[in-house]
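Chain letters run A, B, ... following the sequence lines, proteins first, then strands; residues in each count from 1. For clarity, every value in this text was computed on a predicted model and none was experimentally measured.
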Amino acid sequence: MEKYEPKEIEKKWQKYWEDNGTYKNYSREKKFYALDMFPYPSGVGLHVGHPKGYIATDVVSRFKMLNGYSVLHPMGWDAFGLPAENYAIKNKTNPNIFTAKSVANYKKQLEMFGFTYDWDREINTTDPQYYKWTQWIFLKLFEKGLAYESNAPINWCPSCKTGLSNEDLEDGKCERCGSEVEQKPMRQWVLKMTEYADRLLYDLDSPELDWEDMIVEQQKNWIGRSEGVQFEMKIKDSEEKIEVYTTRIDTAFGITYAVVAPEHPIIEKLKDKISNYAEIVQYVEDANRKTNLERTELQKEKTGKRLAEIEVINPFTGEAIPLFVADYVLGGYGTGAVMAVPAHDERDFEFAKKYDLSIVEVISGGLITENAFVEDGILINSEDYSSLSSQEAREKMADWLEKEKIGKRKVNYKMRDWVYSRQRYWGEPIPIIHCEKCGAVAVPEEQLPVMLPDVENYEPTGTGESPLAAITDWVNTTCPKCGGPGKRETNTMPQWGGSSWYYLRFIDPKNDKELVNKELEKEWMPVDLYVGGAEHATRHLLYARFWHKFLFDIGVVSTIEPFKKLLHVGLIMAEDGRKMSKRWNNVVNPDEIIAEFGADAMRLYEMFMGPFTQSIAWSTSGVSGTKRFLDKVWNVGSELAINKHINFESSADDSGKHDIKVLLNKTIEKVSKDIEAFKFNTAISQMMTFMNKFPGLEISINDFEKFLIVLAPFAPHIAEELWETIGHKESIFLQAWPEVDEKYLQDEEVEMVVQVNGKVRERLMVAYDVTEDEIKETALENAKVKVFTNGKEIKKIIFVPGKLINIVVVD
RNA sequence: GCCCAGGUGGUGGAAUUGGUAUACACGCCAGUCUUAGGAACUGGUAGAGCAAUCUGUGGAGGUUCGAGUCCUCUCCUGGGCACCA
């Protein structure tokens, strides 16, 4: 018997599958689209954490193939990004060179795992034939008014020298480099994601989407819908007014002042009336200089300035109250102005304490001399509304505002429109031409793609233009509308552009007439299983859903959601429990693991480590466990191939035959269920339990073949090799998944627990279908049981068939 | 502060409607084999006790014949959001 040499058989079968197109069986009746979040091919290559999600989709893909599905399981490259660009800046070479090298390296590493990828469908976001369609989508958004230019202040990373979207921030810092971002007004392209806010929110609960709670909740929080009212407060002795937004209109009789954000236009409008205007201007300038971080994290000390002499009117009481400017009010949310109720809002309470403003209690239940009482309650001091509940009052007061035409019900979102331009080189050019006469004009569709030209210097300029601005040949063009002189847009798209629709391109990767063929799209969409990192919950997954809904609206796609089932991969930490990082010198390279244990053992180990979505520390000695398991499979399989029948201990009798059939059928059942439920760890432990019966039990070759098919999704190479050794000519992956034989799901004998008052006192081997009457006598007469029942009155007996009998006695 | 997910042996973890707590694996211990080390294989492995037995799923209560699982309170860990009015 030959020894199990993974290295040889793995190469052999990887070549065989590729040469024979074993996976490309696309004409079956049922379809399954399994997708991984495609990687950014970095220069350093994979560590053992990266492939975990790919292994899971591969297991599911192979399982589905064996169950008669056409399976689409593609891979590609999200290749626009900073590392390649930084390499280009340093070496003054086109980032394409770096990208191509990294892609080749990644592909080589991925191929060692024996994944079922159809490499004919490989895509790369930096390929002009690909980004042509990314640009096309932008043009459609522009055409529908969903892409617009804005000059509002946005997040600016001084180190990356580019504007960023809210989704690109982490704790108010640049997600890529960790620098604190500034607020900087600049011309930029913005996508109207807020127009889709409601659908993005509500469709999270639609039956077309079946995601983990964690991700759903994160998106809901991010979208941040709140229902309230917006109403106007008149400025006393003036025609001007401010609009404020609140979710707590029930507290309106407790308003003692109002606040506007530093960027609020009313300040400028009232400058003749504000007696301390110079001071106010100074405050606004100071506030603008603060970074996001200073403005939000240093919240312990609130600051503000009263707009001297200015007073606003509370429409409910007619009372005139002071108006402040303070940076605890955000300019970008709601109206940028709020009513302040110190008795029932913590921030207002703190501010009122500091500036000695009055605090009026209007909801009973708290102790407002100590703290703001922020919960709902019963209204007091609120004229006609007194003694209503907060909930009732909110309805009645909103009704009144609407009737008087002072205000209206209003929904607000935390989510902002998507800041879509970057002042960097390595991204898709935005297909727009600026014309002095016509304004921003779309590049005609037939001129796509707008190619990203080579430049001499890839360094970001910091001026609000990308390095493309330096190529005057490219920038200067003619306006497609009037034929006059025009200038090309020099900003590029963010990293998230290409990845917001790539799942559609895999379906029809070479189509140069349309983004995706409609028939094929209907055939394959939605993605049935999507696996990737949880860090994309509020970035990629939000953007992709937004674009998908837009593509649905313009008739490109037929489903309202792109990804049916979403699963996040739990991180693999280093053995020391920290994140794997060059910095800590704790990175484990998959090439070395595969060289030592084989790809199959590595695949098994990563699926066996623990629950798939949980983050767990790597253990190289753990891989030796799954390797030992495969050794055993190899030995039993090889023995069988020679003898066609196995009986390690010659005395195995007929009952052994029944036992192994039961174990086999239980294994088939459990593995099938567990793969569907993504409980790969318990599926593998069941297969281990099965193999642990050898030597000892007798098994026929037919039964062992069934086991091999069940093992095949996890350890495809060894399964295929043994399948061949046994004498089969056709790939194991063209076989049918074994059916569970119901008559072999029940053990003949089971262990029955005998309890007294719920405590285990004895275990008896009994026929599985023993009845209460049959077992009662035996149990009561049992010596160990008697010790605890002697001389006591038996109150009742509880019997659970096949499991236990519990004798309840009076103590 | 708010939202989500979790707390089970030395370690990763397992446990249908409440029904044998610790499956499977790592590690460790002992044995076999080996010139030796390693590998491989076999057996053992929650804690206390000579034993019968007792105690054990973060903690405190509760419901129940019976609770890792259900209820109330509480502590801790990881993740997300966060001056969003």
Side-chain angles (χ1 to χ4, degrees), chain A residues 170-172 212-222 224-226 228 244-249 251 259 261 295-300 302 326-330 332-341 344-348 350-351 374 412-416 534-535 537-538 568 570-571 575 604-605 608-611 613-626 628-629 631-632 673 679 681-692 695 750-763 784 787 795-809:
Chain A
E170 223 160 56
D171 286 334
E212 297 164 88
D213 284 354
M214 189 187 78
I215 307 276
V216 168
E217 287 306 314
Q218 279 185 37
Q219 284 214 355
K220 284 185 177 172
N221 284 344
W222 187 263
R225 180 190 156 96
S226 82
V244 301
Y245 175 75
T246 181
T247 56
R248 290 299 305 274
I249 193 65
T251 64
V259 193
R295 203 167 149 171
T296 58
E297 278 197 359
L298 302 177
Q299 54 180 271
K300 43 191 179 284
K302 289 197 170 28
D327 64 5
Y328 80 89
V329 172
L330 304 174
Y333 183 79
T335 57
V338 301
M339 63 182 217
V341 185
H344 304 292
D345 181 281
E346 278 165 20
R347 297 150 300 185
D348 298 342
E350 196 190 318
F351 192 80
V374 298
N412 268 332
Y413 301 93
K414 289 191 209 177
M415 186 179 79
R416 301 297 145 81
E535 71 275 16
T538 54
H568 87 274
L571 287 181
E575 290 199 59
L604 271 170
Y605 173 65
F608 180 63
M609 292 175 86
T613 57
Q614 191 173 307
S615 94
I616 299 177
W618 174 262
S619 155
T620 299
S621 59
V623 190
S624 62
T626 49
R628 277 196 271 269
F629 164 70
D631 283 335
K632 199 175 277 189
K673 272 190 187 159
K679 289 159 78 175
N681 54 333
T682 48
I684 293 166
S685 78
Q686 179 66 33
M687 291 190 280
M688 285 172 166
T689 304
F690 178 83
M691 285 310 300
N692 285 345
V750 293
E751 195 178 67
M752 174 147 296
V753 166
V754 186
Q755 297 182 333
V756 179
N757 286 356
K759 285 203 164 141
V760 180
R761 295 306 177 185
E762 181 64 303
R763 297 155 205 266
K784 286 187 186 168
V787 174
K795 230 166 85 185
K796 63 175 161 177
I797 289 175
I798 284 151
F799 179 73
V800 182
K803 286 237 164 93
L804 64 79
I805 177 161
N806 185 12
I807 301 157
V808 184
V809 297

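- B:G56 takes the anti form, because its glycosidic angle lies more than 90° either side of 0.
- Phosphate proximity of B:A85 to A:Ser226: present, with a side-chain N or O under 4.0 Å from OP1 or OP2.
- Nucleotide B:A40 forms a pair with B:U32, judged by Watson-Crick or G-U wobble geometry with both contacts under 3.5 Å.
- Side chain A:Lys302 to base B:C83: a donor-acceptor pair is found below 3.5 Å.
- We find that CG of A:Asp348 is positioned 15 Å from P of B:C83, with the value rounded to whole Å.
- Base-pair partner of B:U22: not found among the strands shown (Watson-Crick or G-U wobble, both distances under 3.5 Å).
- Between A:Glu170 and A:Val753, the one whose closest nucleotide on RNA chain B sits nearer the 5' end is A:Val753.
- Computed from coordinates, the A:Met688 CE to B:G13 C1' distance equals 12 Å when rounded to whole Å.
- Taking a pair to require two hydrogen-bonding distances under 3.5 Å in either a Watson-Crick or a G-U wobble arrangement, B:A15 remains unpaired.
- Pairing for B:G1 is with B:C81, a Watson-Crick or G-U wobble pair whose two hydrogen-bonding atom distances lie under 3.5 Å.
- At a cut-off of 3.5 angstrom, the base of B:C81 holds no donor-acceptor pair with the side chain of A:Asn221.
- Among the heavy atoms of the strands lying under 4.0 Å from A:Ile616 are primed sugar atoms or P, OP1, OP2 only; no base atom is included.
- Distance alone, capped at 3.5 Å, is enough to place a donor-acceptor pair between the A:Asn757 side chain and the A:Val809 backbone.
- At the heavy-atom level, A:Lys759 lies under 4.0 Å from the strands shown only through sugar-phosphate atoms.
- Put simply, A:Arg761 has no side-chain N or O that comes within less than 4.0 Å of OP1 or OP2 on B:U53.
- Residue A:Asn806 places none of its side-chain N or O atoms closer than 4.0 Å to OP1 or OP2 of B:U20.
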inquiry  = Before you tell me yes or no, could you show the steps for A:Gln755 and A:Val760 under side-chain contact (heavy atoms from CB on, under 4.5 Å), namely the whole-Å CA-CA distance, both residues' side-chain angles and the distance that decides it to 0.1 Å?
reply    = CA-CA 4 Å; A:Gln755 297 182 333; A:Val760 180; 4.1 Å; yes

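- Within the 4.0 Å cut-off from OP1 or OP2 of B:A40, at least one side-chain nitrogen or oxygen of A:Arg628 is found.
- The local environment of CD in A:Glu346 is sparse, with at most 12 non-hydrogen atoms from other residues, nucleotides or ligands closer than 6.0 Å.
- As rounded to whole Å, 18 Å separates atom P of B:A82 from atom NZ of A:Lys220.
- In the model, A:Asn692 has a side-chain atom that pairs as donor or acceptor with a side-chain atom of A:Lys632 under 3.5 Å.
- Between the CG atom of A:Asn757 and the C1' atom of B:A67 there is a distance of 16 Å, rounded to whole Å.
- Rounded to an integer number of Å, the gap from CD of A:Gln614 to P of B:U11 is 15 Å.
- Checked by atom type and distance alone, the side chain of A:Arg761 never pairs as donor or acceptor with a backbone atom of A:Val787 at under 3.5 Å.
- To the nearest angstrom, C1' of B:U17 lies 14 Å from CG of A:Leu804.
- For the pair A:Lys632 NZ and B:U42 C1', the interatomic distance rounds to 11 Å; values are reported in whole Å.
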